[in-house]
Amino acid sequence: MASSTETRKPFPQPAAGYTQSFWRTELDPLDNHRSTPDLPIEADILIIGSGYAGASTAYHLFPENQQGTPPKVVLLEARELCSGATGRNGGHLRPDLYSATKIYTERYGLDAAVEVVRFEIAHMKTLEKLVQKEKIDCDLTFTRSLDIYLDVDQLAAAKSFYDYLVDQGLDFMDDVQYLSQEDAQGKAKVRNAQGGFSFSAGHLWPYKLICRLIRIAVSRGLNLQTNTMVTEIGQDRTPEGLWPVTTNRGVIHARKIILATNAFTGALAPEYSKAIVPCKGLCTHIEPAPGAPYQELPETYAIRQGLGAFIYQISRKDGSIIVGGAQYTYKDIPDQWHNNPDDGTLINSVEHYFDGYMQRTFFGWEDSNATVKHIWTGVMGYSADSLPHIGDIPGKPGQFIAAGFNGHGMPVVFLCGKAIAQMAQHSVPFQKTGLPRLFETSAARLDPVYNDTVG
Ligand SMILES: Cc1cc2nc3c(=O)[nH]c(=O)nc-3n(C[C@H](O)[C@H](O)[C@H](O)COP(=O)(O)OP(=O)(O)OC[C@H]3O[C@@H](n4cnc5c(N)ncnc54)[C@H](O)[C@@H]3O)c2cc1C
């Protein structure tokens, strides 16, 4: 029986010594940057976390041709720049046009679900324009994504919801094409495929995008402090309205705080510990042997082996493949992934899954001698209701959150960062930011009715 003096296990924080991701093989000069040798003692706006959410927020807080004195913004990162989920993901920019939409439609109705789809689609054009405008060299590539089903019943259920969406006359469904078994095995080249869908998607080098956004913000006045762990946010503001924030390098006081801490949010805001859970995933970089024959795969893939059995994959211009997922191989061993913040080790039961994966999955890869060149893990912030938490933290005036992006941040986070910057800097209310209504964080969502994190 628990004694009254027993302390609860502390919520985990980012730890040193992570596995090496392919994306972090070319490090940016800012990777260990500190804009000032000492931690500033005060900030107008303090961002915690330098992944996609923190970087997008910082970028939007420092617009081009800013009038007047820029705000004093400090960004604290526990480890190196972009060393969390964003620097360790699959690089897949794939708006979800019909799959998660089913759950949202069942739970909240079609209109609310469609807002999420449109928001994700908007990221495609937004990122294209951003990369052009800021001349960001991050291998951004647009193509189509092939969503391939190996299980006949799962395909039939997906097709039935697809037909329902088409019947609603939704314009974005024009982009979603049904693939017959012949197409899925022939054009998509996937062995044992039963059929699937295809729609517009993209891929990129996430670390390079994030570093460039941060570099722009630093050049306009952002104070970046890497290797600075926030250990606590004080419960009360000072009489001047500042929140005391304790770090491993001293205390900084901030008028506004933005938690871009994803999986680790519960450590600084314990009220989120049931709503956002750290869940570990694994990803690999695979190369065909030099000179060996293989069929090019210009599209991206999601290959579904059955319910909850999902593999995501992109092809890089150099012929190599980034592929990850396969959670179904270890889902029944929760210790290995659920509530597991450790990206310093691999996941035992899936460690060798991707050996020979291309050869056994794709027609035309049998003699490729493709081998795994990099394998790594990363920690996602799974949310209990599968939706991110964005907006004002309940009961903590001046504190904001942009976290809980699950394994699906690339077509979601950038515009959330823009919105949270508007909320923190210009007091724009959530409803005026253009974010899907379902993303708004709330006290009700902190006591979740769903438990999607267990898959
Ligand atoms: C293996 C894997 C594969 C994935 N594949 C894809 C994919 O292909 N497509 C897709 O759309 N999404 C994918 N995702 C999900 C996607 O990467 C995330 O949704 C997204 O990157 C989240 O961005 P973020 O900024 O919220 O979190 P993060 O990138 O994790 O950033 C949070 C940062 O906060 C810092 N931090 C946390 N606590 C503190 C503290 N106390 N003090 C200071 N700093 C702190 C962390 O160190 C970290 O750098 C994948 C994720 C993983 C792990």
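Along the sequence shown, residues carry numbers from 1. Counting starts at 1 for both ligands and their atoms, following the listed order.
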Of all the atoms in ligand 1, which lie at a distance below 4.0 Å from a heavy atom belonging to [X]?
| X | answer |
| --- | --- |
| H92 | 7 (C), 8 (O), 9 (N), 10 (C), 11 (O) |
| H408 | 10 (C), 11 (O), 12 (N), 15 (C) |
| G90 | 3 (C), 4 (C), 5 (N), 6 (C), 7 (C), 8 (O) |
| T228 | 43 (C) |
| G378 | 53 (C) |
| Q13 | 41 (N) |
| F264 | 37 (C), 38 (N) |
| V379 | 53 (C) |

Hey, are the side chains of [X] and [Y] touching, using non-hydrogen atoms and a 4.5 Å cut-off?
| X | Y | answer |
| --- | --- | --- |
| F22 | T284 | no |
| Q327 | W337 | yes |
| L297 | Q313 | yes |
| T126 | L415 | yes |

Residue portion contacting ligand 1 (non-hydrogen atoms closer than 4.0 Å) for [X]:
| X | answer |
| --- | --- |
| T247 | neither |
| V412 | neither |
| A260 | backbone |
| R88 | backbone |
| L268 | side chain |
| F405 | both |
| P14 | side chain |

Any N or O of [X] closer than 3.5 Å to N or O of ligand 1:
| X | value |
| --- | --- |
| A78 | yes |
| V230 | yes |
| M410 | yes |
| A53 | yes |

Can a side-chain donor-acceptor contact be found between [Y] and [X] if the only test is distance below 3.5 angstrom?
| X | Y | result |
| --- | --- | --- |
| Y207 | D31 | yes |
| Q20 | T25 | no |
| Q305 | Q154 | no |

* Asked: In terms of the angle between their ring planes, are Y98 and Y149 parallel, tilted or perpendicular, with boundaries placed at 30° and 60°?
  ->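 Rings of Y98 and Y149: tilted, as their planes differ by 30° to 60°.
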
Tell me, please: is [X] in heavy-atom contact with ligand 1, that is, under 4.0 Å?
| X | result |
| --- | --- |
| G407 | yes |
| G91 | yes |
| P411 | yes |

Which residue and atom name correspond to the protein heavy atom nearest [atom], and how close is it?
| atom | value |
| --- | --- |
| atom 22 (C) of ligand 1 | N262 ND2, 3.7 Å |
| atom 34 (O) of ligand 1 | G49 CA, 3.2 Å |
| atom 52 (C) of ligand 1 | M380 CG, 3.6 Å |
| atom 23 (O) of ligand 1 | T86 OG1, 3.2 Å |

Checklist entry - Looking at I148, V190, L155, which hits side-chain contact (heavy atoms from CB on, under 4.5 Å) with L179? => result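 Testing each of I148, V190, L155 against L179, the sole residue satisfying side-chain contact (heavy atoms from CB on, under 4.5 Å) is I148.
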
Kindly confirm or rule out a cation-pi arrangement of R107 over Y450, judged by NZ or CZ under 6.0 Å from the six-membered ring centre and within 45° of its axis?
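R107 over Y450 ring: yes.
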
Requested in this report: Please say whether the positively charged group of R144, taken as NZ for Lys or CZ for Arg, lies over the ring of Y301, i.e. under 6.0 angstrom from the six-membered ring centre and within 45 degrees of the axis.
Outcome: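 The answer is no; the distance or angle limit is not met.
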
Flag if over 12 foreign heavy atoms under 6.0 Å of CD, E296 |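 Not buried by this count: 12 neighbours or fewer within 6.0 Å.
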
>> The test is ring-ring contact (aromatic ring centres under 6.0 Å, His included); show your working for F439 and F119 and say whether it passes.
In response: CA-CA 11 Å; F439 287 9; F119 182 74; 5.4 Å; yes

Among T377, N406, T261, which one puts a heavy atom closest to atom 39 (C) of ligand 1?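 Heavy atom nearest to atom 39 (C) of ligand 1 belongs to T261.
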
Fill in: Minimum non-hydrogen distance to atom 3 (C) of ligand 1, winning option of Y382, W376, Y52, Y312
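Ranked by closest heavy atom to atom 3 (C) of ligand 1, first place is Y312.
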
Taking the six-membered ring where the residue is Trp, are the ring centres of F264 and F11 under 6.0 Å apart?
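Centroid separation for F264 and F11: 6.0 Å or greater.
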
### CA sep, side-chain torsions, deciding dist, call: H60, F414, ring-ring contact (aromatic ring centres under 6.0 Å, His included)
CA-CA 10 Å; H60 286 104; F414 186 76; 4.8 Å; yes

Within the side chain of S320, is there an N or O that forms a donor-acceptor pair under 3.5 Å with the backbone of R316?
->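 Not at all, since once roles are kept as given, no pair shorter than 3.5 Å links the two residues.
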
